[in-house]
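What you see is a predicted model; the values in this text were computed from it and never measured.
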Amino acid sequence: MSSSRRLHDFVGRDDQLAALALTLEQRGQATVTAVHGLGGIGKSQLAAEYAHRYQSNYEMIWWIPSDDTRSV
């Protein structure tokens, strides 16, 4: 999934988005966090939706694929 493409049919998961927002707001200006879980449960979609909804809160958002440790 490309980080620049928003899923227009993304619905629900408001509790998870709010928890992610709270975590990132509490950590300060430079923040790194990871969304983790089993494959196929929508981690990338959740992160992309968060980035779209909250992009005005940030000067920069980096999308770093973690499927290859060299890219991290």
Side-chain angles (χ1 to χ4, degrees):
M1 182 182 120
S2 168
S3 60
S4 62
R5 292 184 51 210
R6 184 175 189 184
L7 295 174
H8 292 286
D9 57 349
F10 185 96
V11 294
R13 301 179 77 178
D14 290 329
D15 291 344
Q16 291 174 323
L17 288 165
L20 185 54
L22 182 61
T23 297
L24 292 171
E25 289 169 9
Q26 292 176 343
R27 291 195 178 172
Q29 289 186 346
T31 301
V32 175
T33 193
V35 177
H36 59 90
L38 297 173
I41 62 169
K43 298 177 296 291
S44 296
Q45 291 84 359
L46 181 71
E49 183 62 20
Y50 177 86
H52 281 283
R53 286 191 190 186
Y54 293 90
Q55 65 185 330
S56 64
N57 295 354
Y58 300 94
E59 291 180 30
M60 181 185 329
I61 298 172
W62 285 347
W63 185 274
I64 303 172
S66 62
D67 54 345
D68 181 354
T69 57
R70 292 174 292 170
S71 67
V72 176

Leu20 vs Arg13, side-chain contact (heavy atoms from CB on, under 4.5 Å): CA-CA, chis, key distance, verdict: CA-CA 11 Å; Leu20 185 54; Arg13 301 179 77 178; over 6 Å; no
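At most 12 heavy atoms of other shown residues, nucleotides or ligands fall within 6.0 angstrom of atom CG in Asp15.
The minimum heavy-atom distance between Lys43 and His36, with the atom names listed, is CD-C, 3.4 Å. Listed here is the closest heavy atom pair of Phe10 and Gln45: CE1-O, 3.8 Å.
From Tyr54, atom OH reaches atom CG of Leu24 across 10.0 Å, with rounding to the nearest 0.5 Å.
Considering Val35, Leu17, Ile61, Thr33 as possible partners of Tyr50, the one that fulfils the side-chain contact (heavy atoms from CB on, under 4.5 Å) test is Leu17.
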